[in-house]
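Working notes for the structure below.
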Protein chains: 2
Amino acid sequence: MPRERVTLRDVARLAGVHPGTASRALNAATRSLVNSETAQRVLEAALTLDFRPNPVARSLKTRRSDTVGVLIPDLTNPLFPPIVRGIEDHLAARGYVALIGNTDNDDQREMRVFEGMRSRQVDGFILATARRRHPLLLRAAEDELAVVLVNRVVDSHAFPSASVDDARGSGLAVAHLAGLGHRRLAHLGGPQALSTGVGRYQGFLAGMETAGLEVDPALVAFADGFSQQEGARRCRDLLRVSPRCTAVVVANDLLALGCYAALAEAGLRCPEDVSIVGFNDMPFIDRVHPPLTSVAFSHYRIGAEAARLVLERIADRHAPVTATFLQPELVVRQSTAPPPRGG
Amino acid sequence: MPRERVTLRDVARLAGVHPGTASRALNAATRSLVNSETAQRVLEAALTLDFRPNPVARSLKTRRSDTVGVLIPDLTNPLFPPIVRGIEDHLAARGYVALIGNTDNDDQREMRVFEGMRSRQVDGFILATARRRHPLLLRAAEDELAVVLVNRVVDSHAFPSASVDDARGSGLAVAHLAGLGHRRLAHLGGPQALSTGVGRYQGFLAGMETAGLEVDPALVAFADGFSQQEGARRCRDLLRVSPRCTAVVVANDLLALGCYAALAEAGLRCPEDVSIVGFNDMPFIDRVHPPLTSVAFSHYRIGAEAARLVLERIADRHAPVTATFLQPELVVRQSTAPPPRGG
DNA sequence: CACGCGGCCGCAAGCGTTTGCAAGCGGACC
DNA sequence: GGTCCGCTTGCAAACGCTTGCGGCCGCGTG
């Protein structure tokens with residue numbers, strides 16, 4: 001367990017070769033350039049000295065860093081930790097590490113951490129912060145950075161992405177409620193500047209159509225952000241329209257929690273008076289009261305998939321861009337029930 | 001918005017000075033070594049060229065990286081994201097970034113990510129993974145790395161740390177329950193290899209003593225980890241002893257959720273039959289059913305404090321080590337009530 | 001007037017790698 | 001036997017920055 005840093009020259013000296021040769025021998029990609037016996041000697045020398053190449057020096061030369069930047073709107077949103085885990089696990093298995101940054105949905109801040117990471121020579125980015133039209137992303141594209149999107153996508157198909165089939169998810173929710181006998185459905189949507197917001201809204205519309213139900217424009221509201229407060233605020237509005245809806249398809253679990261609050265304020269019970277279905281099936285949402293029916297998908301998997309994509313992209317900047325969409329499923333819990341009599 | 005990378009030589013050329021001088025001018029610490037007029041000229045040149053120093057090159061030379069490694073047992077445990085936020089916000093404000101790694105409570109894995117970060121030249125570490133006696137930490141200490149602990153501490157006082165006064169927290173819990181009239185209290189403790197486990201246990205004992213209550217050894221159990229499963233398992237055991245306890249002081253909210261499950265299995269109600277108080281007041285724990293009474297403290301603040309400490313340590317490796325303990329408070333919700341008649 | 005000293009700045013040697021270039025060395029081929 | 005070629009390997013120049021050292025210049029002092 002040598003305390004002093006052992007460098008390439010040390011192993012070269014021990015193996016009796018020039019550092020350049022040692023470098024080639026150590027690097028799998030260039031190993032074929034050196035005689036296999038000497039390569040072997042170098043490998044052994046490296047092993048006995050417990051040589052760890054200095055990634056910083058290597059970065060300086062190669063302009064790569066085996067690091068990818070991950071931009072998250074807010075890590076305390078329970079949706080993201082499992083995604084990050086998926087990313088990290090996948091990257092770690094391949095010798096990469098993740099540099100995490102929160103943006104708080106703030107453009108300024110996003111730009112700052114983006115530039116910070118970039119100057120730190122990250123090889124690529126995974127963004128969970130995409131808006132449908134995103135200035136940062138345009139710049140990234142023209143600079144030919146390796147960027148992939150997770151959870152949210154952009155309108156243009158310029159970036160690889162890993163996300164869930166939002167429309168399908170909402171469709172499942174509508175079908176479930178329609179099956180229970182609901183006819184008067186509301187939609188509490190997310191910000192329409194986000195792909196998740198519009199996708200889930202479109203899915204709601206499509207689902208209503210296939211269920212043969214009419215959508216009442218008064219029963220559609222959009223939140224400005226995915227938060228409990230926004231959920232409560234918009235839900236209050238929705239509850240004011242009469243006749244009242246008997247169920248609401250909500251674009252996100254946090255918004256749904258807000259709905260719970262609004263219902264309680266209004267003296268309404270869930271699911272007896274109003275059914276609620278959320279989206280994301282976020283951790284612990286099965287423990288709230290009542291346990292929330294929600295559209296589920298594996299957060300971990302979209303994270304891992306995003307990591308896979310970014311590595312692919314790093315390896316070949318001009319690989320075809322692939323967008324993968326996980327198929328969601330509805331997990332039915334106790335926030336949905338048949339509509340009240342006369343509803 | 002120049003696309004080509006602008007280097008120090010570029011700004012030096014523009015300012016008409018030697019790159020070395022430019023370097024000194026740009027670096028606040030060495031600025032006094034250069035004439036203030038030329039310094040000004042260099043600054044302006046840097047500004048007009050939009051110069052961003054290459055941190056990698058700087059790292060190579062200085063062996064510093066403005067990066068700190070953060071080791072987390074498991075990011076999907078809701079306790080940690082707010083801590084990480086606190087760390088990142090504090091670091092970001094000072095030009096540092098955080099390299100996050102999960103260890104899954106696995107020594108091997110911890111060692112790997114630790115070494116990975118170290119070779120990437122991180123300036124310091126914040127560990128949320130400390131066990132009371134921790135081999136990794138011993139090595140770190142002898143290598144004189146800047147290491148601080150967050151949430152958990154070690155037995156030796158060799159490391160700065162930011163955490164909560166665990167004993168006091170349990171004490172508050174006991175006092176609250178005693179005040180409600182409970183006499184037969186159980187303790188579901190955490191792993192005794194962790195400072196949080198023993199601290200909360202000690203606090204329980206002390207609290208019982210000051211409340212003038214006897215602790216029944218049969219009513220004390222320790223979980224092997226902070227998970228819902230472990231909570232349910234140990235709670236089942238606890239509920240088997242007779243006469244039954246009327247309240248249990250639980251070392252962690254996840255364990256408490258497990259208790260909820262165990263109670264439900266046993267056909268017991270919370271709080272009518274058994275009161276439960278948790279620890280951490282983790283996000284969304286106010287939304288479970290019943291809302292959990294829990295020992296609260298600011299996760300964000302211990303994160304930020306840890307960040308402050310690690311920067312302090314980086315600046316002066318031999319600064320006195322300070323351990324700061326936040327004072328917790330009990331937030332009373334609906335999982336606690338007076339004991340049942342005859343309890 | 002000589003000397004010393006301090007302020008400012010240029011010089012160049014790195015930090016630990018990677019990599020284009022070229023040289024040495026056999027062997028094959030004519 | 002000479003030429004050419006391919007395989008290995010050494011050489012040295014980067015990558016972009018920091019920093020010890022020393023030089024230059026101007027001024028104060030004895």
Side-chain angles (χ1 to χ4, degrees), chain A residues 2 4-43 45-46 49-67 95 115-116 118-123, chain B residues 2 4-43 45-46 49-67 95 118-123:
Chain A
E4 304 309 322
R5 227 171 149 57
V6 18
T7 86
L8 188 59
R9 352 180 36 91
D10 296 327
V11 357
R13 194 171 328 138
L14 179 57
V17 299
H18 188 273
T21 308
S23 169
R24 280 186 270 256
L26 258 12
N27 246 306
T30 52
R31 183 156 322 143
S32 61
L33 297 178
V34 11
N35 180 296
S36 65
E37 275 179 33
T38 45
Q40 193 55 37
R41 220 166 57 238
V42 171
L43 262 334
L49 291 184
D50 190 26
F51 168 68
R52 333 277 185 90
N54 181 333
V56 176
R58 185 194 308 238
S59 278
L60 181 58
K61 186 65 183 169
T62 63
R63 323 185 122 273
R64 308 181 343 97
S65 62
D66 293 354
T67 299
E115 288 298 341
R118 195 168 161 186
S119 73
R120 277 181 173 78
Q121 225 75 225
V122 301
D123 299 338
Chain B
E4 305 308 322
R5 209 143 177 71
V6 17
T7 85
L8 187 59
R9 353 181 34 92
D10 297 326
V11 356
R13 195 172 326 138
L14 179 58
V17 300
H18 188 274
T21 308
S23 169
R24 280 186 270 256
L26 258 11
N27 245 306
T30 51
R31 183 154 322 142
S32 60
L33 296 179
V34 11
N35 180 296
S36 65
E37 275 178 33
T38 44
Q40 193 56 36
R41 221 165 57 238
V42 171
L43 263 334
L49 291 184
D50 189 27
F51 168 69
R52 333 279 183 87
N54 180 333
V56 176
R58 182 194 307 235
S59 278
L60 182 57
K61 184 65 183 169
T62 63
R63 321 185 125 276
R64 309 183 340 99
S65 62
D66 292 354
T67 298
R118 194 166 161 187
S119 74
R120 276 179 175 80
Q121 224 76 221
V122 303
D123 298 339

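By convention in this document, chain letters (A, B, ...) are assigned in the order of the sequence lines, proteins followed by strands, and residues within each chain are numbered from 1.
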When you measure from the side-chain N and O atoms of N27(A) to the phosphate of dT18(C), is any distance below 4.0 Å, counting only OP1 and OP2?
yes
Is R5(A) close enough to dC15(C) that one of its side-chain N or O atoms is under 4.0 Å from OP1 or OP2 there?
no
Hey, is the side chain of S23(A) poking within less than 4.0 Å of OP1 or OP2 on dT17(C), counting only N and O atoms?
no
What is the nucleic acid contact for T30(A), judged by heavy atoms within less than 4.0 Å: base, sugar-phosphate only, or nothing?
nothing
Should L8(B) and L26(B) be marked as a side chain to side chain contact (heavy atoms under 4.5 Å, CB included) after you check the CA-CA gap, both sets of side-chain angles, and the distance that decides it?
CA-CA 10 Å; L8(B) 187 59; L26(B) 258 11; 3.7 Å; yes
Could you state the atom-to-atom distance from CG of L8(B) to C1' of dG10(C) in whole Å?
13 Å
Rounded to the nearest angstrom, tell me the gap between atom CZ in R52(B) and atom P in dC17(D).
13 Å
Taking the side chain as every heavy atom from C-beta outward, state whether V11(B) and V42(B) have any pair of such atoms under 4.5 Å apart.
yes
Separation of dT18(C) atom C1' from L60(A) atom CG, nearest Å, is 10 Å
Quick check: any donor-acceptor pair below 3.5 Å linking the side-chain of K61(B) to the base of dG14(C)?
yes
Report yes if the side chains of L14(B) and L49(B) come closer than 4.5 Å at any heavy-atom pair, otherwise no.
yes
Within this structure, what is the CZ-to-P distance between R58(A) and dT17(C), rounded to whole angstrom?
8 Å
Classify P55(B) by what it touches in the nucleic acid, base, sugar-phosphate, or nothing, heavy-atom distance under 4.0 Å.
nothing
What is the nucleic acid contact for S59(A), judged by heavy atoms within less than 4.0 Å: base, sugar-phosphate only, or nothing?
nothing
Would the base of dG10(D) count as contacting R24(A) through its side chain, where contact means a donor and an acceptor less than 3.5 Å apart?
yes
Run the side chain to side chain contact (heavy atoms under 4.5 Å, CB included) check on R63(A) and Q121(A) step by step: do they pass?
CA-CA 6 Å; R63(A) 323 185 122 273; Q121(A) 225 75 225; 3.7 Å; yes
Among dT8(D), dG10(D), dC9(C), which nucleotide sits nearest the side chain of N35(B)?
dC9(C)
Taken to the nearest whole Å, CZ/R13(A) to C1'/dG10(D) is 16 Å
For T62(B) and dT18(D), is the shortest distance between a side-chain N/O and OP1 or OP2 below 4.0 Å?
no
In this structure, how many angstroms lie between the P atom of dT8(D) and the CZ atom of R31(A), rounded?
14 Å
Can a side chain N or O of N54(A) be found less than 4.0 Å away from OP1 or OP2 on dC15(C)?
no
Between L33(A) (CG) and dT9(D) (P), how many Å, whole number?
10 Å
Do F51(A) and D10(A) have side-chain heavy atoms sitting under 4.5 Å apart?
no
Without decimals, in angstroms, what is the distance between H18(A) NE2 and dG16(C) P?
16 Å
Could you tell me whether V56(A) contacts a base, only the sugar-phosphate backbone, or nothing, with contacts defined as non-hydrogen atoms closer than 4.0 Å?
nothing
